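What follows is a set of notes on a single structure, which appears directly below.
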Amino acid sequence: AQKVTQAQTEISVVEKEDVTLDCVYETRDTTYYLFWYKQPPSGELVFLIRRNSFDEQNEISGRYSWNFQKSTSSFNFTITASQVVDSAVYFCAFIAGGTSYGKLTFGQGTILTVHP
Amino acid sequence: DGGITQSPKYLFRKEGQNVTLSCEQNLNHDAMYWYRQDPGQGLRLIYYSQIVNDFQKGDIAEGYSVSREKKESFPLTVTSAQKNPTAFYLCATRAGAYGYTFGSGTRLTVV
């Protein structure tokens with residue numbers, strides 16, 4: 001069975017600090033996909049990134065960057081120069097490749113608070 | 001604009017009552033899902049449906065029921081058998097292999 005663990009329950013930083021959210025996953029599958037979602041106070045989940053298991057290239061999108069390391073089964077998310085608008089709950093999620101019904105397995109979530 | 005509409009945004013239930021949460025989509029997506037969110041536990045899958053008139057239990061289906069009579073609609077009923085229904089409920093659809101869209105959620109509180 002798959003499992004996703006987000007070690008940090010809550011993180012509090014001051015604006016302009018860099019912050020890294022950790023995500024570790026467990027699976028026996030060789031093909032899988034990893035996701036990060038942002039949940040602002042309004043409640044909806046906002047898609048940030050999807051990564052497949054064959055692509056270990058790190059990705060940068062503006063102030064966001066992701067570090068995928070299969071050797072340590074980790075898919076960490078870094079926000080550079082954090083802003084108050086980054087305050088939200090962030091979820092890491094996993095899905096096994098070839099799954100017929102597309103079940104996402106979520107981590108417990110990390111509450112990020114960015115103070116002005 | 002295409003999207004998912006969940007209603008109501010807030011719902012209060014008396015103990016022993018059944019309540020139904022609405023999820024409507026105009027994205028023309030075949031697959032629909034219901035997730036439950038509790039603090040510190042992430043999102044857990046309640047039910048999912050891949051096509052009309054078909055649905056499957058997820059990880060925590062006890063005390064819940066669903067129907068899928070139309071492609072656009074996937075209502076979730078929280079029955080009196082659900083002992084701890086207070087939670088945030090999210091509906092989602094899926095297009096293609098891994099393109100998920102989530103609704104804005106319904107917050108259910110037992111009073």
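Order of the sequence lines sets the chain letters (A, B, ...), proteins ahead of strands, with each chain counted from 1. Only a predicted model underlies this, so the values are computations on that prediction, with no experimental measurement involved.
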ILVMFWY network linking A:Y25 to A:W36, side-chain heavy atoms under 4.5 angstrom: yes
Residue among B:Y35, B:F102, B:Y100 satisfying side chain to side chain contact (heavy atoms under 4.5 Å, CB included) with A:L45: B:F102
Cluster link A:I49 to A:F68, ILVMFWY, side chain under 4.5 Å: yes
Segment of B:Q6 engaging chain A (4.5 angstrom heavy-atom cut-off): neither
Shared hydrophobic cluster for B:Y48 and A:F35 (ILVMFWY, side-chain gaps under 4.5 Å): yes
Structural part of A:L104 lying under 4.5 Å from a heavy atom of chain B: both
Whether over 12 other heavy atoms sit under 6.0 Å from A:F54 CZ: yes
Interatomic spacing from CG in B:D59 to OG1 in A:T105 - rounded to 0.5 Å: 7.0 Å
Heavy-atom neighbours of A:K3 NZ exceed 12 at 6.0 Å: no
Side chain, backbone, both or neither of A:Q39 within contact of chain B (heavy atoms, under 4.5 Å): side chain
B:R44 side, atom CZ; A:F106 side, atom CZ - distance, nearest 0.5 Å: 13.0 Å
Contacting moiety of B:L90, where chain A heavy atoms sit under 4.5 Å: side chain
Residue A:S42 versus chain B: region with a heavy atom under 4.5 Å: backbone
Same cluster (ILVMFWY, side-chain, under 4.5 Å), B:L45 and B:I4: no
Single-linkage hydrophobic cluster A:I11~A:Y37, side-chain heavy atoms < 4.5 angstrom: no
Max heavy-atom pair count under 4.5 Å with chain A, selected residue of B:S49, B:G105, B:G103, B:G58: B:G103
Minimum side-chain heavy-atom gap A:E44-B:T101 below 4.5 Å: no
